[in-house]
Colleague: 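Before anything else, here's the structure in question.
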There are 2 protein chains.
Amino acid sequence: MRISELSTASGVTIPTIKFYLRENLLPSGEATSANQARYDESHVKRLTLIRALLEIGGLSVAAARDVIDAVDNADLPLNQVFGIAQRAISGSNLSTNSASAESRARVASVLTERKWHVTDDNPGLAGAAKVLDRFSALGHPELIDLIDDYALAADIVARADLRVVGKQPNVAAMAETVVAGTVLGDAVFAALRRIAQEHVSSEMHPAPHPLSQAPASIPDRRKS
Amino acid sequence: MRISELSTASGVTIPTIKFYLRENLLPSGEATSANQARYDESHVKRLTLIRALLEIGGLSVAAARDVIDAVDNADLPLNQVFGIAQRAISGSNLSTNSASAESRARVASVLTERKWHVTDDNPGLAGAAKVLDRFSALGHPELIDLIDDYALAADIVARADLRVVGKQPNVAAMAETVVAGTVLGDAVFAALRRIAQEHVSSEMHPAPHPLSQAPASIPDRRKS
DNA sequence: CAACTATAGACAGTTTCACTATCGATAGTT
DNA sequence: AACTATCGATAGTGAAACTGTCTATAGTTG
């Protein structure tokens with residue numbers, strides 16, 4: 001398969017494929033001479049994954065490279081693959097200032113309640129606490145207690161995730177499943193949440209009629 | 001409060017505040033003369049919201065403006081506020097080509113099973129179907145069936161969301177809760193999911209020891 | 001009240017990111 | 001032989017989110 005065929009097969013333009021090659025997102029094809037190389041199905045599949053990570057997952061090219069490296073690194077323990085995939089989403093808020101003691105304690109209370117046991121460096125711990133701090137800062141501390149229900153939901157999701165991963169035939173397939181499940185799973189969940197919110201909302205407030213229309217009525221306040 | 005005080009109170013630099021004023025994210029202060037204006041607590045709060053939307057929610061400035069307009073527009077039905085907030089996250093994948101009939105049917109089957117009733121234009125319907133298509137394209141159709149468990153989790157989350165919203169004293173507070181809950185809620189959920197994944201993973205595969213370490217071992221494959 | 005700092009508003013400049021475009025040398029194709 | 005495709009290198013583009021500079025004025029301080 002030549003680069004032009006790879007391009008039509010994957011729907012990615014040749015300049016973009018070259019860009020991904022330069023950025024080490026896509027392994028180079030087998031060189032047949034100084035300026036010819038052959039590509040195969042694995043390249044098509046890799047491009048599909050790259051586009052899914054960028055378009056659906058909203059990852060940056062750099063984050064996608066980290067994730068892809070993890071997939072390729074077959075002898076990486078599964079937990080690390082999970083960590084890399086999760087970290088890639090909504091790019092590392094790790095470096096910034098840490099969360100308050102109150103919020104961290106609140107997160108810890110959830111772990112106790114749910115009997116969750118994780119290592120202290122789990123990035124979710126700091127991430128969750130940091131968001132709880134924002135709830136307070138926004139003047140909506142009542143949102144903090146949502147975390148208990150969210151934790152129950154997260155437990156359900158994580159068990160489903162791991163069940164599917166466990167059914168994979170080999171480690172390479174497991175890693176791919178972890179990545180696809182983690183990055184695209186977020187998008188599915190967000191979509192379902194949107195559906196559920198509308199359902200529950202109309203269930204609780206059975207409005208006469210004009211609920212959920214296209215929001216065409218709000219004025220456009222863009223700069224002049 | 002002058003702009004310099006607003007800056008220190010909110011932690012946002014003056015040039016950035018001016019930028020937000022230009023972009024209509026932040027209402028201008030009360031003008032006391034041609035080149036003086038007074039700001040108050042509402043401006044501090046608004047800046048806190050803006051930074052939360054941009055930093056935690058990962059919204060673009062344009063998406064944040066839509067969300068903020070919805071919050072300010074007090075007579076907007078709650079469902080529309082939900083819709084705007086959800087649409088702002090992972091910027092409108094609406095325009096692109098639509099999903100396959102199979103995936104849309106699979107999503108419809110979830111609605112039937114969960115007895116969810118929503119309007120046909122709910123953006124979650126197309127969004128979920130589109131991701132299912134990606135699962136197939138990636139060669140991982142087994143991930144499609146995750147949707148049933150995800151839907152159960154989404155139901156739990158949505159009921160919790162609506163319960164908190166319903167407790168708000170007035171419509172303005174409800175709108176703010178919807179926005180904060182939707183945008184920041186995604187971040188909390190993602191963090192909890194990360195925690196739950198590690199817990200469930202170590203529960204299922206009680207590895208001897210070296211699970212979940214800092215992924216320092218993967219080589220850096222950045223371009224030379 | 002003079003010196004100095006701060007402010008509003010206008011507008012230009014910067015940085016990062018994800019591509020795109022061009023080029024020269026060579027390879028394959030008709 | 002003429003023509004198109006490809007490789008690798010390098011440069012350019014456009015959007016996004018700030019950031020910096022400038023001018024005319026306003027407030028503040030010694």
Side-chain angles (χ1 to χ4, degrees), chain A residues 1-40 43 47 49-68 88 90-92 95 222-224, chain B residues 1-40 43 47 50-68 88 90-92 95-96 222-224:
Chain A
M1 198 185 284
R2 302 194 295 191
I3 197 171
S4 58
E5 299 170 273
L6 177 59
S7 173
T8 53
S10 64
V12 179
T13 65
I14 293 176
T16 302
I17 291 174
K18 286 186 174 185
F19 171 67
Y20 292 157
L21 287 168
R22 281 201 299 284
E23 293 291 328
N24 287 318
L25 287 183
L26 188 66
S28 30
E30 194 196 353
T32 62
S33 66
N35 64 342
Q36 295 295 126
R38 293 289 115 127
Y39 303 92
D40 57 28
H43 293 89
L47 278 173
L49 177 59
I50 292 170
R51 296 311 300 174
L53 293 177
L54 299 191
E55 289 173 8
I56 306 289
L59 300 202
S60 66
V61 166
R65 179 173 40 226
D66 290 347
V67 166
I68 283 171
S90 68
S92 68
S95 51
R222 243 140 281 225
K223 49 176 173 178
S224 78
Chain B
M1 197 186 286
R2 302 194 295 189
I3 198 169
S4 58
E5 299 170 275
L6 177 60
S7 173
T8 53
S10 64
V12 179
T13 65
I14 292 177
T16 301
I17 291 175
K18 287 186 174 186
F19 171 66
Y20 293 157
L21 288 168
R22 282 201 299 283
E23 293 290 328
N24 288 315
L25 286 183
L26 188 67
S28 29
E30 194 195 352
T32 61
S33 66
N35 64 342
Q36 295 295 127
R38 294 288 114 127
Y39 304 92
D40 57 27
H43 293 89
L47 278 173
I50 292 169
R51 296 311 300 174
L53 294 178
L54 299 191
E55 289 172 7
I56 307 289
L59 300 202
S60 67
V61 166
R65 178 173 41 225
D66 291 346
V67 166
I68 283 170
S90 69
S92 68
S95 52
T96 47
R222 243 140 284 223
K223 49 176 172 177
S224 79

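Here is the naming used below: chain letters follow the sequence lines, and residue numbers restart at 1 for every chain.
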Colleague: Whole Å only: how far is the CZ atom of A/Arg65 from the P atom of C/dA18?
Modeller: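 Interatomic distance, CZ of A/Arg65 to P of C/dA18: 10 Å.
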
Colleague: Rounding to a whole Å, what distance do you find between B/Arg22:CZ and D/dT21:C1'?
Modeller: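 B/Arg22 atom CZ is separated from D/dT21 atom C1' by 12 Å.
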
Colleague: What contact category does B/Ser28 fall into here, base, sugar-phosphate, or nothing, at under 4.0 angstrom with non-hydrogen atoms?
Modeller: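 Here B/Ser28 touches no strand at all.
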
Colleague: Can you check the A/Leu21 CG to C/dC19 P distance for me, whole Å?
Modeller: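 Computing the A/Leu21:CG to C/dC19:P distance gives 14 Å.
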
Colleague: Heavy atoms from C-beta onward define the side chain here; which of D/dT19, D/dA26, C/dT20 lies closest to that of A/Thr16?
Modeller: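 The nucleotide sitting nearest to the side chain is C/dT20.
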
Colleague: Given side chains that start at C-beta, do those of B/Lys18 and B/Ile3 come closer than 4.5 Å, heavy atoms only?
Modeller: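 Yes - at least one pair of side-chain heavy atoms lies under 4.5 Å apart.
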
Colleague: What is the distance, rounded to the nearest whole Å, between atom CD1 of B/Ile3 and atom P of D/dT25?
Modeller: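 My rounded result for the distance is 20 Å.
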
Colleague: Please tell me if A/Arg38 has a side-chain N or O lying less than 4.0 Å from either OP1 or OP2 of D/dC7.
Modeller: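 No.
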
Colleague: So which nucleotide from D/dT6, D/dG8, D/dT19 ends up closest to the side chain of A/Ser4?
Modeller: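 For A/Ser4, the side-chain atoms sit closest to D/dT6.
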
Colleague: For B/Ala37, which contact category applies under a 4.0 Å heavy-atom criterion: base, sugar-phosphate, or nothing?
Modeller: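 The residue B/Ala37 makes sugar-phosphate contact but no base contact.
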
Colleague: A/Tyr20 and A/Arg65: side chain to side chain donor-acceptor pair (under 3.5 Å), yes or no, with the steps?
Modeller: CA-CA 10 Å; A/Tyr20 292 157; A/Arg65 179 173 40 226; over 6 Å; no

Colleague: Tell me which of A/Gln36 and A/Lys18 sits closer to the 5' end of DNA chain C, going by the nucleotide each one is nearest to.
Modeller: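 It is A/Lys18 whose nearest nucleotide is closer to the 5' end.
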
Colleague: Starting at CZ of A/Phe19 and ending at P of D/dT10, how long is that distance when rounded to a whole Å?
Modeller: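 Rounded to the whole Å, the gap is 16 Å.
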
Colleague: Touch check for B/Leu54, heavy atoms < 4.0 angstrom, all strands: base, sugar-phosphate only, or nothing?
Modeller: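 Counting heavy atoms under 4.0 Å across all strands, the contact made by B/Leu54 is with sugar-phosphate only.
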
Colleague: Is a donor-acceptor pair below 3.5 Å formed from side chain B/Arg2 to base C/dT5, judging by atom type as modelled?
Modeller: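 No, no donor-acceptor pair under 3.5 Å.
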
Colleague: Might you point out which heavy atoms bring A/Leu47 and A/Ser10 nearest each other, and give the distance in Å?
Modeller: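 Closest approach of A/Leu47 to A/Ser10: CD1-OG, 3.3 Å.
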
Colleague: Between the side chains of B/Ser7 and B/Ser4, does any donor sit under 3.5 Å from an acceptor?
Modeller: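 Judged by distance alone, the side chains do not pair up.
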
Colleague: Nearest whole Å is fine: how far is C/dG28 P from A/Glu5 CD?
Modeller: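 Rounding to the nearest Å, CD of A/Glu5 and P of C/dG28 are 14 Å apart.
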
